[in-house]
2 protein chains.
Amino acid sequence: MSDNLPGDPKGRPGIKAVAALAGVGIASVSRVLSGQPGSSPQLTQRVLEAARTLGYAPNALAQGLRRRATRSIGFVGSDITNPLIASIVRGAESVLTVAGFSVLLTNSGGVPSVDAERIEVLMHRQVDGLIVLPTLEDDPATLLALRNTKCPVVLIDRAFPADIPAHYVLSDHYQGMGDAARALLDKGHRRIGLVVGRDVRPTRERVRAMEDAYDRLGLPRDLIVHRGTLSSDHGEVAIEEMLADDDPPTAIVLGGNQLLEGALQAIHRRGLQLGRDLSLVSCDDVPLCRFHQPPIATVMRDAEQLGARAAQLVLTHIETPGTPESVSLPTWFESRASCGAPSGTSVQRRADKVR
Amino acid sequence: MSDNLPGDPKGRPGIKAVAALAGVGIASVSRVLSGQPGSSPQLTQRVLEAARTLGYAPNALAQGLRRRATRSIGFVGSDITNPLIASIVRGAESVLTVAGFSVLLTNSGGVPSVDAERIEVLMHRQVDGLIVLPTLEDDPATLLALRNTKCPVVLIDRAFPADIPAHYVLSDHYQGMGDAARALLDKGHRRIGLVVGRDVRPTRERVRAMEDAYDRLGLPRDLIVHRGTLSSDHGEVAIEEMLADDDPPTAIVLGGNQLLEGALQAIHRRGLQLGRDLSLVSCDDVPLCRFHQPPIATVMRDAEQLGARAAQLVLTHIETPGTPESVSLPTWFESRASCGAPSGTSVQRRADKVR
DNA sequence: TTGAAAGCGTTACCAA
DNA sequence: TTGGTAACGCTTTCAA
């Protein structure tokens, strides 16, 4: 049995092979290669040489099993295809890679029960930490899965019950949306449409920011809140419905980057010119915002930073578990030509255009 | 020692705990839970019940170590933030998830040596397969890393030396680019600029398609090929340089979606109207292509399908290793308003515009 | 049909 | 300073 030193599954050398070649004990190899002190220079030398000539690298599986730590973290998001989420993943991945961690990526498709399932799979894979962008804040399966995690968890842009053991990285949507609201009200808009997603923290913050903006100016809350999913299709429907209103809003704010494409379709179809016939604000900058004619005013944030901070947080608490921590990152409003002064109702505006 | 049944690192029950609770042997638990036949209904029942009450799920690390298979695959791409790559990952991930595989995602940042390093890390993590979008085709480190892989590897959109043991999923860039070229030549363009990246298969196919299109019409190859990286910055520089030429092209083709933003910046800055003053074709549809005014004509492909086929290929060869396989997927040209007839030199065009 | 025991490749204790 | 050895949690012979 000891003659045959197959090492690894597909014929890679194992620690035994290195020990044999170096003529030392297996334990010494482990010690040297994991950088533990207390090995003579000679032994160290021989082990290193043997390892190099064999092209040896430790089997991360066995290490993980023994060390009870895999240096991997799981990421659960709805869809990597959403540029916002891609940026978050990118930010997290670059921090984690530097720290020697790998990322297990999963997409839940925005289905709460799948969130829960993915969390469980990742736990079985013994990830050392978890970064999750949960779809909802009150899905029972997700809550259960989150309660059963035995590793640090960082939740992005969500607020969960206090008994959920997790850390948070939050965007300060209130600030950016408040600035956007004030900018619109300043320009004279009084009836504003706000398209939002499901009832999660960003939605609540955005609605609150809008309402407070009205309140602060002593204006009646002439706000139309349209709730649904944050999809392109919903963006289109929302615009259609709002503009079909007897008293349509003169400005519309989209609470999610995915809404924009559908919204623009509806707007173009109606032949409306943004900034003149209708003012539009979107959330989360995408190339389309900047290159659209006119450019789309946007509530901005640094998505990569969001992911990077989440990664730092999870690493910190893997290192030394601590009490729940919460990080808040800024959002800000960037005004662009899609925002102008109101110009009567959209019915009048359409009449203008046709004439 | 046998009284204490801690099971898993952070206090999750192990197989021993289940065996103890069910009052059966540990081997029986394994057999029942991994669905092997040959267990009495009673035993099966008791094991299942015990597992459920303990909330037991096997430790994937230990399973992987023992089975010599982790049901995980590694993905190496340049940057998940590129919507093309995000779509490829998404396509792969959905196929793999259904098959019970997890994805280890890494970004190389488009640095060849990092490609190689990531491949090695993933091998040490004992992935069962690898999907790679290599930066270059002749980087020595990457070639070495690829040769040392002991698992099925699928390379996307690249052509490597025949001695590299890998499977391929390729886009038929020749077809789509050929159609684009013919469309431009048909409209009367004779001097066309082509911006491409480094010397990899897509670049070569695109250049060849353009050249062949000229040849087939018996036209001289009045083609300006601009080579560089596929970044937004390079897109901007490329446009600037081409339009600054004494005899600027009347149409420009961008061989990569990342080029578009920079290119549009340069074009807008010059006040050129696409489709009239200059014709533009991009590669790989992004929202910006469709919503730009005018919309940008594009050589399209199904990126998710690219990832999905890669995943299928890798799964097939994990199941039953076979000889190298190669899959080709279509690209096609979608003409949009950014393509019009040529209108003199850009100098004249600018004069027109100013007048 | 069932279970004891031998590993999988590594780490870490402990004795030498 | 070194190396044997017992785990880590699981699967898989092999005997019973």
Side-chain angles (χ1 to χ4, degrees), chain A residues 1-2 4-20 22-47 50-51 54 56-71 123-126 128 150, chain B residues 1-2 4-20 22-47 50-51 54 56-71 123-126 128 150:
Chain A
M1 182 232 97
S2 70
N4 184 3
L5 293 176
D8 220 320
K10 286 105 177 187
R12 271 181 302 246
I15 199 170
K16 286 186 199 168
V18 178
V24 304
I26 182 184
S28 298
V29 176
S30 175
R31 238 179 282 121
V32 170
L33 264 43
S34 44
Q36 289 177 46
S39 295
S40 70
Q42 302 92 307
L43 191 151
T44 304
Q45 185 61 27
R46 292 170 59 193
V47 167
L54 289 178
Y56 169 80
N59 180 326
L61 242 45
Q63 284 187 320
L65 183 60
R66 185 57 237 225
R67 289 182 169 158
R68 298 166 172 281
T70 56
R71 296 191 84 77
M123 292 312 302
H124 301 156
R125 287 196 179 266
Q126 316 298 125
D128 295 337
K150 307 291 185 190
Chain B
M1 183 231 96
S2 70
N4 184 5
L5 294 175
D8 219 317
K10 288 102 177 187
R12 274 180 302 247
I15 198 171
K16 287 187 200 168
V18 179
V24 303
I26 183 183
S28 298
V29 176
S30 174
R31 242 179 277 120
V32 169
L33 263 45
S34 43
Q36 289 176 46
S39 295
S40 70
Q42 301 91 307
L43 190 149
T44 304
Q45 185 61 28
R46 290 170 59 192
V47 168
L54 289 178
Y56 169 79
N59 179 327
L61 242 46
Q63 284 187 319
L65 185 58
R66 182 62 236 230
R67 289 182 169 160
R68 299 165 169 282
T70 56
R71 296 191 84 76
M123 291 314 300
H124 301 157
R125 288 195 179 267
Q126 315 298 125
D128 295 339
K150 308 290 185 191

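Protein chains get the first letters and strands the later ones, always in sequence-line order, with residue 1 at the start of each. Side-chain atoms are counted along with the backbone in the values below, which use heavy atoms only and exclude waters and symmetry mates. Everything numeric here is computed off the predicted structure, so don't read it as measured data.
Atom CG of N59(B) is separated from atom C1' of dT11(D) by 13 Å (rounded to the nearest Å). One can place CD of Q45(B) at 17 Å from C1' of dT2(C), the figure rounded to the nearest angstrom. Summarising the geometry, the separation between CD1 on I15(B) and P on dA7(D) is reported as 18 Å, rounded to the nearest angstrom. In this structure, CD1 of I26(B) is placed 13 Å from C1' of dG7(C), rounded to the nearest angstrom. In this structure, the CZ atom of R68(B) is 13 Å from the P atom of dG7(C), given to the nearest Å. If you take CD of Q63(A) and C1' of dA12(C), they are 13 Å apart, rounded to a whole angstrom. In this structure, L61(B) places its CG atom 12 Å from P of dT11(D), rounding to the nearest Å.
Within the model, atoms CZ of R67(B) and OG of S34(B) stand 6.0 Å from one another, a figure rounded to the nearest 0.5 Å. To the nearest 0.5 Å, atom NZ of residue K150(B) and atom CZ of residue R12(A) are 7.0 Å apart.
Backbone-only engagement by L43(B) is indicated by non-hydrogen atom pairs under 4.0 Å involving sugar-phosphate atoms exclusively.
For Q42(A), the side-chain contact (heavy atoms from CB on, under 4.5 Å) test picks out S40(A), with sequence neighbours left out. With sequence neighbours left out, the side-chain hydrogen bond (donor to acceptor under 3.5 Å, both in side chains) criterion links R125(B) to S102(A). In terms of the side-chain hydrogen bond (donor to acceptor under 3.5 Å, both in side chains) criterion, R71(A) has no residue partners (sequence neighbours excluded). In terms of the side-chain hydrogen bond (donor to acceptor under 3.5 Å, both in side chains) criterion, residue partners of T70(A) (sequence neighbours excluded) are, by chain and number, S72(A), D128(A).
Closest contact between the side chain of A27(A) and the listed nucleotides dT5(D), dT11(D), dT10(C) involves dT5(D). Taking every side-chain heavy atom of L65(A) into account, dC8(D) is the closest of dC8(D), dC10(D), dG3(C). For V24(A), the listed nucleotide lying nearest its side chain is dG3(D); candidates were dG3(D), dT12(D), dT10(C).
In this model, the phosphate group of dC8(C) is approached by a side-chain N or O of K16(A) to a distance below 4.0 Å at OP1 or OP2. OP1 or OP2 of dT11(C) has at least one side-chain nitrogen or oxygen of R67(A) nearer than 4.0 Å. Listed pair S28(A) / dG3(D) meets the phosphate criterion, a side-chain N or O lying under 4.0 Å from OP1 or OP2.
Residues H124(B) and A57(A) approach most closely at NE2-CB, 3.0 Å, considering heavy atoms. Between L61(B) and L65(A), the shortest heavy-atom distance links the atoms CD2-N, 3.5 Å. Of all heavy-atom pairs spanning L33(B) and Y56(B), the tightest one is CD2-CE2, 3.2 Å.
Scanning atom types as modelled, no donor and acceptor separated by under 3.5 angstrom connect the side chain of R66(A) and the base of dA12(C).
Remark: the backbone N or O of A22(B) is paired with a side-chain donor or acceptor of R46(B) at under 3.5 angstrom.
Interface residues of residues 32-41 of chain B facing DNA chain D, ordered by number: Q36(B); criterion, heavy-atom separation under 4.0 Å.
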What protein N or O atoms touch nucleotides 14-16 of chain D N or O atoms at under 3.5 angstrom, if any, and at what distances?
none

